[in-house]
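Bear in mind that the values here come from a model prediction, so they are computed numbers and not experimental data.
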Amino acid sequence: SVCLMDSSCGSCIEQLDGHTGPVTCVLVEQGMLFSGAVDRKVLRWDVHKRRMLYTMCGHKGVVWALSVSGGSLFSAGEDGRVIRWDLYNGTLQGMLQDHEASISCMVSRPGMLFPGAE
């Protein structure tokens, strides 16, 4: 689950449950919250209403990293895939060339992605 935590005192205000395995990464971008997990899914959350909006499926292993670039969400993981999703509705936009090894982290800057693999 994803914990909504009060940063001033460190207490968990509420848990967002939706994944069927441990959460491995979270990302907040333009007021949107995304999470990736061991269950191979990426979820988009409405933080204000405390509910899941939609699920993005496409990985064959743990989702380790999330990043945003140019209006797209990118997810990467254990399967070596970098998947591009529409940032606003979660539709699959494409898959970038597979890496031969698990991708454990990823950052972006405009027009570029930097996935880190084994």
Undergrad: Nearest 0.5 angstrom please: Cys12 SG to Asp6 CG, how far?
TA: 10.0 Å
Undergrad: Please examine the side chains of Leu16 and Arg50, heavy atoms only from C-beta on, and report whether any two atoms are closer than 4.5 Å.
TA: yes
Undergrad: Using the rule that Ile, Leu, Val, Met, Phe, Trp and Tyr join whenever any side-chain heavy atoms are under 4.5 Å apart, tell me whether Val23 and Val47 fall into a single cluster.
TA: yes
Undergrad: Looking only at heavy atoms, which two atoms of Gly21 and Ala37 are closest? And how far apart?
TA: O-CB, 4.0 Å
Undergrad: Here's a test for you: under side chain to side chain contact (heavy atoms under 4.5 Å, CB included), which of Cys25, Ser72, Ser108 qualifies with Ser67?
TA: Ser108
Undergrad: Could you walk me through whether His19 and Leu43 pass the side-chain contact (heavy atoms from CB on, under 4.5 Å) test, one step at a time?
TA: CA-CA 8 Å; His19 285 288; Leu43 303 182; 3.4 Å; yes
Undergrad: So which heavy atom on Phe114 is nearest to which on Arg109, and how close?
TA: CE1-CG, 3.7 Å
Undergrad: Check the side chains of Trp45 and Ser35 for a donor-acceptor pair under 3.5 angstrom, ignoring hydrogens and angles.
TA: yes
Undergrad: Applying a strict under-4.5 Å side-chain criterion to I, L, V, M, F, W and Y, I'd like to know whether Leu53 and Met56 cluster together.
TA: yes
Undergrad: I need the minimum non-hydrogen distance between Leu87 and Tyr54, along with the two atoms involved.
TA: O-OH, 3.6 Å
Undergrad: Is Met106 reachable from Leu96 through a run of hydrophobic residues whose side-chain heavy atoms are each under 4.5 Å from the next?
TA: yes
Undergrad: Grab the two heavy atoms, one from Leu113 and one from Phe74, that are nearest each other, plus how far apart they are.
TA: CD1-CD2, 3.4 Å
Undergrad: Testing the basics here: between Ile13 and Met5, what is the closest heavy-atom pair and its distance to 0.1 Å?
TA: CD1-C, 4.2 Å
Undergrad: Taking a hydrophobic cluster as the set of Ile, Leu, Val, Met, Phe, Trp and Tyr residues connected by side-chain heavy atoms closer than 4.5 Å, whether directly or through intermediates, do Val26 and Val62 fall within one such cluster?
TA: no
Undergrad: Determine whether a donor-acceptor pair (N or O, by modelled atom type, separation under 3.5 Å) exists between the side chain of Arg81 and the backbone of Gly61.
TA: no
Undergrad: Are side-chain heavy atoms of Leu73 and Leu27 found at a separation under 4.5 Å?
TA: yes
Undergrad: Let's go through Cys105 and Trp64 carefully: what are the C-alpha distance in whole Å and the side-chain angles of both, what is the deciding distance for side-chain contact (heavy atoms from CB on, under 4.5 Å) to 0.1 Å, and is it a yes or a no?
TA: CA-CA 6 Å; Cys105 58; Trp64 288 116; over 6 Å; no
Undergrad: Kindly indicate whether the side chain of Val82, heavy atoms from C-beta on, has any atom under 4.5 Å from the side chain of Met95.
TA: no
Undergrad: Is there side-chain contact between Arg44 and Met52, with at least one heavy-atom pair below 4.5 Å?
TA: no
Undergrad: So Val42 and Leu66, do their side chains get closer than 4.5 Å, heavy atoms only?
TA: yes
Undergrad: Taking the side chain as everything from C-beta on, heavy atoms only, tell me whether Tyr88 gets closer than 4.5 Å to Gln30.
TA: yes
Undergrad: At their closest point, which heavy atom of Ser75 faces which heavy atom of His59, and how far apart are they?
TA: OG-NE2, 2.7 Å
Undergrad: What is the distance from atom CD of Glu78 to atom CZ of Arg40, rounded to the nearest 0.5 Å?
TA: 10.0 Å
